[in-house]
Structure formats: structure tokens, C-alpha cells
Amino acid sequence: MSVSLGEARTMLGELLPPRQTRMTPLLGAYGLTLASDLQATVNHPSATESALDGVACREADTLSVPVRLELIGESRAGATFAGVVGPGQAVRIYTGAPLPAGADAICPVEQLEDVPGGVRLRRPASVADVRREGDDFRTGETVLYAGQRLTPARVALAAALGHAEVPTLAPLRVAVLSTGDELIEPGRPLVAGQVYNSNAYGLVGLLREAGCEAIMLPPVSDDLAALEAAVASARADVLLTSGGVSMGKYDFMRDLLIEHGEVRFWKVRMRPGGPAMLGGWKGLPVFGLPGNPVSSLVVFQVIVRPALTGRPLTPVRLRAGSAFRGLADKTAFWRVTVRGGEAFAYAQQGSGVLRSLSDAPALVMIPEGGLAAVGDEVDVLLLE
Ligand code: AMP
Ligand code: MG
């Protein structure tokens, strides 16, 4: 029942419920996914305007400098000069102000000298400093696309297009359940053999980054009945669990899905993170992440996040600063630091070494059977 990385992503994606579309005011839209394409309701700029503070004039009048032009008025943002700029004339103009009729070029303020009744230009006026109406986008043009994440820049763009609210996909509600008798919540004392529950805190953050509504459930002990009760309490579209899906006797999450639920796959051909499990419990899709801290976060990044958002992380090609061994039948992920365009293996690659993802927040991805020597190009996923 082992699957490849790509199969795991697809199978999780297929288990997700359909997403509702709703209109969301711009200030609530950050991080959400756009549900349909968006068109401009206006031209931007809405008029041909100046990109600088200076004077607007006729380029042909300024080809030999210095030259004196007569000042006949001003045009500022929101208040256009009403007249026409004739030969030998200029209008004082400010950034974003409409270009007056007759003028076709701008000379920046730094190149001007005030003289009685006018200005002297030290440099010819330039048409390059004129922004044409509709240069950025035109009315009716599609500028934002369904499936895009509404980053702050895209929310700003939606505002510039003239939309006060945007169609968004309702966020998926994802519950996070940590399992393990050894888990202690941070802030409480810990004795040898116990470990602070860190996975849930990473997963909730990653879910929020992925535009989901994350619900952290109280950790549950390694006990089949307790586990089943906890899973039953999850009011969510998807349940993410951590721990309890490996080969051990006390890995009850595995048993719960096998014996009382259903299993779509168990084990993904990747390292770290191999024992991940996908299944369901009474209609609730359940993705069982391995408990090892690095494994759980890496599996999230390369399987869960792409399935939830529809957008896999795009690798960048960098030069290998270290040699990277691949694995015959698994995709291998190495935590790396990136310096000077080269990827260097972090010294400790153990899947329990959580600080590696803080010190080296990037992953070199070596496909099944692959190998990279120093100097080869490798695919790197940048996690921050
Ligand atoms: P498991 O997958 O349950 O066998 O756990 C593998 C390793 O991950 C063990 O060392 C666990 O103590 C550790 N682990 C499991 N869950 C968590 C968690 N929520 N936070 C930190 N470490 C965990
Ligand atoms: Mg465990």
C-alpha cells in the first residue's frame, strides 16, 4: 500500500470535500484562495499622468538645453490643469497628476531652476516619465486568477481593480490531533522520557499559512479507545494526526484506521516521513503524519500543503555545495542551508532533530535512485 509522493498528494486531494465560494471583504481576504478570475473595472492609471514631480511640457521644445519655458499653471493629483500647453510653455506637475492637454513629456524637479515667470530646464523633458492611461491594466482585463492565494499584494491589486469584496474559497477546517503517552504541553514541567508536544504548534502554523482554519485538539494518549473518542470529537473537514502510525506495538492511530476506519495508503516512498497514512473514519478524511518532528513538518510541506492549497511548493535550481545521496526506492529530502546560491547539507539529518528545520529551512529533493555530486544542480524547496 505504499505510494509515491505525487500519488499521496493526489489521493489526499481527492478525499477533500468540495469548497464553498463566498464573497469576502478585502480586509478579511488575506491568505484566502481566490475562487474565480477577477477583471478590472477601470483603467489604471485612469488617465495619462506624470510619474514624477516636475513640469509637463512639449518634448520638442526641450531638445537643446538649457531652455527657458513659461509657467502657465499647475496640475496636481486630483485636480487637472484645465488649459492647453502651447509651444514654449510648461505646467508644474506632481506625481500622479493628469498630463495637461498639449504636453507630452516631463522634466523632473531636480533638473529645474526657477526663473522669473518660468523655469529653466537643465535636461530635456522625457516621455518615459509619462504613465499612459491603462498601462497597468485596462477595464475588463483579467488580472487575478482563480486559485491564486490572496497575498497582500493581490489584495491591494483587487482594490485597485475596484473590488470591495472578492470571491474566495471557504477555508478548510482542519483539526490537529497529537498522539503519544510521552507528550507534555509546553509550559508544564517535564521528566526524563517525556517530550513537549511541538508538532501541533508547527502544524497549526503551517495550516494557517496554507489559508486553512486550524483547530488544535487536546493531545491524546496511546490508547485505542481514547484515540477513537478524540477522533470522534473532531468537528472538521479533515483531521491531521501526528504520531502512532509506524510499525510499533503502541502505534494505535494505525490500528484505529486499519481496524475501525479505512486506509487509502500507508507509507509514502519518501524519507523522512515514510510511515504517513491516509484513510478515513466515519466519513472524516484522516491524514496520519509520523510523530518524528521533522517528518511531520516535511510531510506536511510536500504532501499536505499542496493537496490543501492546490499549489505545490516550486523548487528552485541551485548548485549542490555538498554531495547528496539518494535512495533506491524513495524520494530523499535533505535539510540544507543556502549560501551564495549553493545548498549545503545540515550536519544532523535525523528526523528527530527539530532544530534542523530552524537552522536549515530548505530541502534538497533527490528523486528515487538519484545522486548529486558537489557542483551538480539540485531542486531546492525554500520553506521560508
Ligand atoms: P511515533 O510516530 O508516535 O512513533 O513518534 C515518533 C517520535 O516522535 C517519538 O520520539 C515521539 O516522542 C515523537 N513525537 C511524537 N509526537 C510528537 C509531538 N506531537 N511533538 C513532538 N514529538 C513528538
Ligand atoms: Mg507515538
Side-chain angles (χ1 to χ4, degrees), residues 1-3 8 174-208 212 214-231 233-234 236 238-261 263 265-279 281 286-305 330 333 335 348-361 383:
M1 261 198 288
S2 86
V3 294
V174 185
V176 175
L177 177 65
S178 313
T179 76
D181 283 342
E182 74 281 32
L183 299 185
I184 297 291
E185 281 302 293
R188 300 175 55 183
L190 172 149
V191 297
Q194 296 180 320
V195 62
Y196 285 123
N197 171 17
S198 58
N199 291 355
Y201 293 90
L203 294 170
V204 165
L206 289 172
L207 284 166
R208 288 189 185 161
C212 297
I215 304 148
M216 201 197 282
L217 300 175
V220 65
S221 55
D222 291 315
D223 172 89
L224 196 58
L227 210 53
E228 184 153 26
V231 171
S233 77
V238 187
L239 174 65
L240 284 188
T241 65
S242 94
V245 289
S246 306
M247 307 285 286
K249 180 174 165 199
Y250 298 98
D251 287 327
F252 288 118
M253 198 55 221
R254 174 204 64 201
D255 293 350
L256 179 70
L257 291 184
I258 293 175
E259 289 162 27
H260 300 274
V263 176
F265 66 70
W266 181 28
K267 296 190 176 161
V268 183
R269 292 192 293 277
M270 65 182 282
R271 188 184 292 164
M277 179 178 255
L278 175 68
W281 187 90
V286 180
F287 193 96
L289 296 156
N292 271 310
V294 173
S295 307
S296 72
L297 299 186
V298 169
V299 169
F300 184 98
Q301 293 282 17
V302 301
I303 299 175
V304 181
R305 177 214 280 256
K330 293 186 171 95
F333 292 95
R335 273 138 284 150
Q348 294 191 61
Q349 294 287 326
S351 55
V353 184
L354 185 49
R355 66 185 294 174
S356 63
L357 278 175
S358 170
D359 293 344
L383 303 181

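The analysis underlying the following values was restricted to heavy atoms, covering all of them including side chains, and did not include hydrogens, waters or symmetry mates. Indexing begins at 1, ligand by ligand and atom by atom, following the structure's order. This one's a predicted model, so the numbers in the text were calculated from it and none came from an experiment. For the single chain, residues carry numbers from 1 onward in sequence order.
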May I ask you to list the atoms of ligand 1 that are less than 4.0 angstrom from any heavy atom of G244? 1 (P), 2 (O), 3 (O)
Heavy-atom distance under 4.5 Å between the side chains of V195 and I184, does that happen here? no
Checking the side chain of W266 only, and the main-chain atoms of G279 only, is there a donor and an acceptor separated by less than 3.5 Å? no
Checking the N or O distance criterion of under 3.5 Å, is ligand 1 in contact with G291? yes
Show the atoms of ligand 1 that are less than 4.0 angstrom away from any heavy atom in N197. 18 (C), 19 (N), 20 (N)
In ligand 1, which numbered atoms sit nearer than 4.0 Å to a non-hydrogen atom of Y196? 20 (N), 21 (C)
For E228, which residues count as a side chain to side chain contact (heavy atoms under 4.5 Å, CB included) partner, sequence neighbours excluded? L256, H260, W281
Atom 11 (C) of ligand 1: closest protein heavy atom, distance to 0.1 Å, is E182 OE2, 3.0 Å
Among all protein heavy atoms, pick the one closest to atom 17 (C) of ligand 1 and tell me residue, atom and distance. N199 ND2, 3.3 Å
Close side-chain approach of R254 to V263, heavy-atom, < 4.5 Å: no
State, yes or no, whether a side-chain contact exists between L217 and L239 at a heavy-atom distance under 4.5 Å. yes
Just let me know how V195 lines up against ligand 1, side chain, backbone, both or neither, with a heavy-atom cut-off below 4.0 Å. side chain
Within the structure, is a non-hydrogen atom of G180 found at a distance of less than 4.0 Å from ligand 1? no
Between the side chain of R269 and the main-chain N/O of S2, is any donor-acceptor distance below 3.5 Å? yes
Taking all non-hydrogen atoms of both residues, which atom of S178 and which atom of L183 are closest, and how far apart? CB-CD1, 3.6 Å
Among all protein heavy atoms in this structure, tell me which lies nearest to atom 4 (O) of ligand 1, with the distance rounded to 0.1 Å. D251 OD1, 3.7 Å
In the protein, what heavy atom is nearest to atom 6 (C) of ligand 1, and what distance, to one decimal place, separates them? N292 N, 3.6 Å
Record the part of S242 in heavy-atom contact with ligand 1 below 4.0 Å; permitted values are side chain, backbone, both and neither. side chain
Do L177 and V286 have side chains that get closer than 4.5 Å, going by heavy atoms? no
Distance from atom 20 (N) of ligand 1 to nearest protein heavy atom, with residue and atom: S198 N, 3.1 Å
